[in-house]
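Everything below concerns the one structure shown next.
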Protein chains: 2
Amino acid sequence: MRFETSTIKDIAKALGLSTSTVSRALRDRYEISEETKKLVLAYAEKVNYRANPIARSLKERRSYSIGIIVSEIANNFFSQVINGIESIAYDKDYHVIISQSHESFEQEKLNVDHLASRSIDGLLIALSSETQNIDYLRDLYAKGLPIVFFDRVPENFETHKVIANNFKGSFDATEHLILSGKRTIAHLTNSENLSITRERLKGYQAALAKYHIDFNPDLVKYCQHGGMHSEELETAVKELLPLKPDGIFIASDRLTTGCIMALKNTNPEFAHKIAIAGFTNSNLVELFSPSLTSVRQPAFEMGQVATELLISMIEAKRPVVDFETRILDTELIKIQKAASNKFL
Amino acid sequence: MRFETSTIKDIAKALGLSTSTVSRALRDRYEISEETKKLVLAYAEKVNYRANPIARSLKERRSYSIGIIVSEIANNFFSQVINGIESIAYDKDYHVIISQSHESFEQEKLNVDHLASRSIDGLLIALSSETQNIDYLRDLYAKGLPIVFFDRVPENFETHKVIANNFKGSFDATEHLILSGKRTIAHLTNSENLSITRERLKGYQAALAKYHIDFNPDLVKYCQHGGMHSEELETAVKELLPLKPDGIFIASDRLTTGCIMALKNTNPEFAHKIAIAGFTNSNLVELFSPSLTSVRQPAFEMGQVATELLISMIEAKRPVVDFETRILDTELIKIQKAASNKFL
DNA sequence: TAAGAACACGCAATCGCTTGCATGTAGAAT
DNA sequence: ATTCTACATGCAAGCGATTGCGTGTTCTTA
């Protein structure tokens, strides 16, 4: 060991006790006298004893750590979710290990496998946009790894899930565009693999239907890589322009910012004419030009709820069979007309 | 064990070998016949054997993982650094564990201690803006934990460091403001504890000096919490306004976006009159209104370089005594006048 | 043919910690 | 005074993997 930290054995030797007694004192178990417990604790404090979590993990077959898989941390939504996760996990003495899939299925699987082999006690995951086959997760789950999905969740997988009210969020955003007079509303969205894609599409369609606007499939553009490559965004934008949309509803954080960028690069003038509404948790929307109406997800809360559910699974005495899907409401943040008019 | 993964013992039993032989075959050591090696490898493959990293860590006293401490991942600069770190680490079979200090010294120390106790093989750290005392890092370092600092580095700590050319980046940005006719240039910056704060201040001062502009300390505002609280930004902005600056140079990613926001909230009209230059690695600067000239750090590369240095320390046969401080050049990205004029 | 070298493998200790079981001691109960 | 109970502590196995050392086998060489 490079670090000559003191071990339970050192303490035992110094105090003329056995390692078992020391361990029990430290773990505060019942079969120990108040006296020796105090003695041990005092000495441990003195030498700044830290239990070796590795050894404990090996022995106990658990690590008090939970794994997180997101597509990328450089994404406001996900980093806020992670903060929510941490806020609960640390409170309950769990540590978190973050991994990025970068929207790649292979990377996702690699990371999950690695985490699993490091004895994480549970997994919080938002699927990558490439992911179609989740058998590898089923295997792990069957072997006893608690898994909670958030944001991008699979169907036919019985476990806890936490999602935003995607339908309503999309409906509201689309309706907002319609109410501000738009009629040809495009929809830029993620890979069809994702649950959020399907749900948000439905919300968009429902809003159109409510106002008797025909749904035109050509106005819907899918980005298979979730906007990771700027080309896919530019292609989508270029394909949309000839259809002369007067509004566009965008279905995810990365897509929203990427799309505005693509619009600006492709046709800056048009970028300022089209009305934009999109999912984003960016704290900087107020700085954006063109400005947009945003659908904000309760990301922090989503992380918290998912973590609570996960920890309840981890610590459950008996196998959990009653699963819930928590649906959290989104918030529509409209353009502040005044400000945006004044300076555009 | 929840996961009934196969162990080396299982393989040994199944093949009628000893665990030592299996281990040696898997580790590809010399005292083993080609034949049994193949046998073992084939069987291991078949049962999808994964060595238990926890057990290995315990035995070998290392974990093949490196710890990262940044102030927050929801920061373009840091998330890009992390991506750079990952790109090298994964290549060399290391895993990374990310922790956030949220600019709090206490949180930083807590996280570092936790990482250290989890047997990380090395640490990559950018200090929090609160951090003044790094004795706890010295202790760990003395006990043998390799540490490489990046971005926010301490003085009087002999180890590898990787930083941007903060002086030049600041000089260039300030000079740019001067050359576009500004004379009263404010400087919004981080806590004085940070190396980047001092270096960037010097660059700012040097540029002023070059053009014979008197340095006015009142024009420099420090944010002790690195802009984590919006109040400190608003206060700073409000204090600056009476001095009627015509330009402002901002010293970090979070501060830059936060400051523009504060300007907009405080006095939107003024926000569009003042010329802004600032450090930021945001991919969205082109969307910002008001627009700004940005100093972009080679974040990804910084992560890569730091990781290479760290791994070289970890794998060094003898204690490293020759340390380097790598300085990477920044890039000045000027406002695209055309675009910004057209739509402002 | 006999002795030594080279090789392939097993035994067992070890990393630091937890815990079931055994043991010893003191006080309570008869 | 003797037995029983309760409590405090120690012993030792085990988590999964690595590795120094010892041993048995085969092959080489004189």
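Chain naming here is simple, since letters A, B, ... match the order of the sequence lines and numbering starts at 1 in each. Reckoned from all heavy atoms, side chains included, excluding hydrogens, waters and symmetry mates.
Applying the 3.5 Å distance criterion, the base of C:dC17 shares no donor-acceptor pair with the side chain of A:Thr7. Put simply, the side chain of B:Ser20 and the base of C:dC11 share a donor and an acceptor less than 3.5 Å apart. Checked by distance alone, B:Arg61 brings no side-chain donor or acceptor within 3.5 Å of a matching partner on the base of C:dG16.
Separating the CD1 atom in A:Ile8 from the OG atom in A:Ser23 is a distance of 4.0 Å, to the nearest 0.5 Å.
The salt bridge (Lys or Arg N to Asp or Glu O under 4.0 Å) search around A:Asp113 returns A:Lys109, not counting sequence neighbours.
Atoms CD (A:Glu60) and P (C:dC15) sit 20 Å apart, rounded to a whole Å. Between the CZ atom of A:Arg50 and the P atom of C:dG16 there is a distance of 17 Å, given to the nearest Å. Summarising the geometry, the separation between OH on A:Tyr49 and P on C:dG16 is reported as 10 Å, rounded to the nearest angstrom.
Among D:dA17, D:dT9, C:dT19, the nucleotide with an atom closest to any side-chain atom of B:Ile8 is D:dA17.
A donor-acceptor pair is defined here as one N or O able to donate and one able to accept, closer than 3.5 Å; no such pair exists between the side chain of A:Thr307 and the backbone of A:Ala89.
For DNA chain C, the residues of residues 35-42 of chain B within the heavy-atom distance limit of 4.0 Å (strictly under) are B:Thr36, sorted by number.
In this structure, A:Ser33 and A:Thr19 both approach DNA chain D, and ranking their closest nucleotides by distance from the 5' end singles out A:Ser33.
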